Amino acid sequence: MTDSTTAVDAASGSPSWLADARQRGSFRRAVRRWYARHRRDLPWRRHRSLYRVWVSEIMLQQTQAATVVPYYQRFLKSFPSVRRLALADEEQVLRAWEGLGYYRRARNLHQAAKQVVRDLQGRIPRTREQLQALPGIGRYTAAAILSFALDQPHAILEANTRRLYRRLLAASSEAGSDRSLWAFAETLLPRVRIADWNDALIDLGATLCSPRQPQCSRCPLTRWCGAFTSGDAESFGTAKPATETTPLEELAIIVESGGKVLLRERREGEWWSGLWDFPRIRLSDAESAADFDRLRSRFLQETGIEIDTAVSLPTLRHSVTRYHIRLQCLRAEADNRTDDRLRNGYRWIDREQLERLPLTATARKMAQWLSTGGVD
DNA sequence: TACGCGTGGGT
DNA sequence: TACCCAAGCGT
């Protein structure tokens with residue numbers, strides 16, 4: 001190996017070794033040798049079908065593998081086939097997804113399953129174009145499904161491989177555009193054993209080529225790595241400028257009346273649409289949770305229900321994209337329970353139903369307080 | 001092209 | 001504690 005291995009061809013912007021078939025072969029063997037010894041044992045790699053890989057890939061979008069594992073296993077138990085998924089109610093599907101976030105994924109997956117059963121006799125498409133026509137499946141997911149389930153020759157580009165390729169190319173976030181990274185991935189793609197190849201690159205990116213403190217000393221690819229050669233591998237791992245966050249103050253109230261609690265299904269276009277939530281009020285800068293009379297009147301406006309006193313519960317903190325929400329929680333009794341006064345879609349729900357309904361993450365925590373009779 | 005979308009793990 | 005980040009897609 002010479003010092004010029006990681007040199008970059010000025011015209012194409014790609015490293016000079018990439019044009020050399022022998023070098024590409026050497027690179028591929030290094031990847032495969034590493035994978036043979038270090039592959040992760042993940043449930044969606046055990047017995048692969050189009051359906052199972054599809055479910056796993058949707059769950060894995062923007063979500064770490066370790067987080068997905070228990071959800072994947074439960075989901076397949078509840079919905080073992082595309083037909084069973086298509087027959088399910090959306091509420092059941094969202095309940096199985098609850099806690100994973102990005103609930104649009106679950107609704108798209110459910111819609112797509114219904115489409116496959118209704119229009120395609122239950123046969124999941126086997127081409128990238130047809131897969132990408134289904135909701136929730138983009139270029140990466142289509143390529144992943146076909147390569148993992150059927151070993152079709154499609155390159156992939158996602159968070160792990162994107163970081164790995166940026167480092168290999170010593171590309172800054174501007175130079176390392178998705179267009180050039182996809183092209184790089186396709187040039188590297190071997191002719192056979194594509195599923196293993198794509199898994200290998202993902203595992204390398206996930207376990208060695210991590211965003212911070214990459215394990216270059218254990219990496220089989222340092223000979224070809226521009227970032228390693230530059231001596232500053234870490235700096236290529238993160239790219240995004242931090243977006244400014246906005247703090248929000250909100251109030252949530254558990255209101256009980258005769259064994260029922262007040263809940264509302266979040267509507268289309270709102271955050272957490274399709275999930276159920278306790279009554280929630282956005283507090284302006286001028287409003288304070290300590291001003292109970294004011295809150296009482298805001299609550300009446302929001303729900304149509306009057307409360308007299310309330311007990312404080314813990315304050316929860318959570319984020320939605322660029323908003324950091326401080327959610328103050330209260331518990332109260334309703335003065336009455338006349339359904340005809342309810343507004344904005346609020347409903348009285350049996351406490352036992354809380355187990356069955358899909359709740360937002362904060363609502364689930366509050367429901368736990370309710371069922372255990374206290375706070376952790 | 002850039003932003004909205006959720007949550008939990010890691011540091 | 002308060003960040004950063006994750007097997008992306010849709011608009």
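The structure presented is a predicted model; accordingly, all values stated were derived computationally and were not measured. Every chain is numbered from 1 and lettered A, B, ... according to where its sequence line falls, protein lines coming before strand lines.
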Closest of C:dA6, B:dC5, B:dG8 to the A:V320 side chain is B:dC5

**OP:** Using the P atom as the reference point in each nucleotide, state the distance between C:dA7 and B:dT11 in Å, no decimals.
**Re:** 14 Å

The side chain to side chain contact (heavy atoms under 4.5 Å, CB included) partners of A:A361 (sequence neighbours excluded) come to none

Here the residues of residues 180-203 of chain A within 4.0 Å heavy-atom distance, strictly under, of DNA chain C are A:I202

Rounded to whole Å, the NE2-C1' distance (A:H324 to B:dG8) equals 14 Å

Got a list of side-chain donor-acceptor pairs under 3.5 Å for residues 67-76 of chain A, not counting sequence neighbours?
from: A:Y71; atom 1: OH; to: A:E98; atom 2: O; distance (Å): 3.2

Stem ranges of DNA chain B by first residue number, counting only runs of at least 3 Watson-Crick or G-U pairs under 3.5 Å, come to B:2-5 with C:8-11, B:7-11 with C:2-6

Intermediate values then yes/no, salt bridge (charged side-chain N to carboxylate O under 4.0 Å, His left out), A:R347 and A:E265:
CA-CA 9 Å; A:R347 287 172 52 187; A:E265 185 180 358; 5.8 Å; no

Next on the checklist: By the 4.0 Å heavy-atom rule, please label A:W97 as base, sugar-phosphate, or nothing.
Outcome noted: nothing

Just checking A:S319: base, sugar-phosphate only, or nothing, at a heavy-atom cut-off of under 4.0 Å?
base

The salt bridge (Lys or Arg N to Asp or Glu O under 4.0 Å) partners of A:R193 (sequence neighbours excluded) come to none

Checklist entry - Say you pick atom P in B:dG8 and the same atom in C:dC9; how far apart are they, in whole Å? => result 23 Å

A:L359 CG to B:dT7 P, in whole Å, measures 11 Å

(Q) Give me the distance, rounded to whole Å, that separates C:dC4 from B:dC3 when you measure between the P atoms they each carry. (A) 15 Å

Checking A:R364 side chain against A:L354 main chain: does a donor-acceptor pair fall under 3.5 Å?
yes

Assign each of A:T67 and A:L100 the nucleotide of DNA chain B bearing its closest heavy atom; nearer the 5' end lies the nucleotide of A:L100

Worksheet entry | Side-chain N or O of A:W44 closer than 4.0 Å to phosphate OP1/OP2 of C:dA7 | no

From OH of A:Y103 across to P of B:dC5 the rounded distance in Å is 14 Å

Residues passing the ring-ring contact (aromatic ring centres under 6.0 Å, His included) test with A:W272, sequence neighbours excluded, are A:H318

Pairs under 3.5 angstrom only: tabulate donor-acceptor contacts from the side chains of residues 136-146 of chain A to other protein residues two or more places apart or in another chain.
from: A:R139; atom 1: NH2; to: A:E186; atom 2: OE2; distance (Å): 2.9
from: A:Y140; atom 1: OH; to: A:E57; atom 2: OE1; distance (Å): 2.8
from: A:T141; atom 1: OG1; to: A:Q61; atom 2: NE2; distance (Å): 3.1

Residues at least two apart in sequence or cross-chain that pass ring-ring contact (aromatic ring centres under 6.0 Å, His included) with A:Y323, listed by chain then number, are A:W271

Pairs: protein N or O with nucleotides 8-11 of chain C N or O, under 3.5 Å:
from: C:dG8; atom 1: OP1; to: A:A159; atom 2: N; distance (Å): 2.9
from: C:dG8; atom 1: OP2; to: A:Q62; atom 2: N; distance (Å): 2.7
from: C:dG8; atom 1: OP2; to: A:Q62; atom 2: NE2; distance (Å): 3.2
from: C:dG8; atom 1: O3'; to: A:T141; atom 2: OG1; distance (Å): 3.3
from: C:dG8; atom 1: N7; to: A:Q62; atom 2: NE2; distance (Å): 3.4
from: C:dC9; atom 1: OP1; to: A:G138; atom 2: N; distance (Å): 2.8
from: C:dC9; atom 1: OP1; to: A:G138; atom 2: O; distance (Å): 3.4
from: C:dC9; atom 1: OP1; to: A:T141; atom 2: N; distance (Å): 3.0
from: C:dC9; atom 1: OP1; to: A:T141; atom 2: OG1; distance (Å): 2.8
from: C:dG10; atom 1: OP1; to: A:G136; atom 2: N; distance (Å): 2.5

task: May I ask you to decide if A:V53's main-chain N or O and A:S56's side chain share a donor-acceptor pair within less than 3.5 Å?
output: yes

Closest non-hydrogen contact found for A:E91 with A:W276 is OE2-NE1, 3.3 Å

The ring-ring contact (aromatic ring centres under 6.0 Å, His included) partners of A:Y51 (sequence neighbours excluded) come to none

All N/O pairs under 3.5 Å across the protein-nucleotides 1-4 of chain B interface:
from: B:dG4; atom 1: OP1; to: A:R322; atom 2: NH1; distance (Å): 3.4

- prompt: Does the ring of A:F79 carry A:R84 above it, NZ/CZ under 6.0 angstrom from centre and within 45° of its axis?
  reply: no

Check: What nucleic acid atoms does A:R45 come within less than 4.0 Å of, heavy atoms only: base, sugar-phosphate, or nothing?
Finding: base

A:E90 meets the salt bridge (Lys or Arg N to Asp or Glu O under 4.0 Å) criterion, sequence neighbours left out, with A:R107

Inset, instruction - Looking at every strand, decide which applies to A:R317 at a 4.0 Å heavy-atom threshold: base, sugar-phosphate, or nothing. - result: nothing

Checking A:I254, A:L251, A:I307 against A:L330 for side chain to side chain contact (heavy atoms under 4.5 Å, CB included), the one that qualifies is A:L251

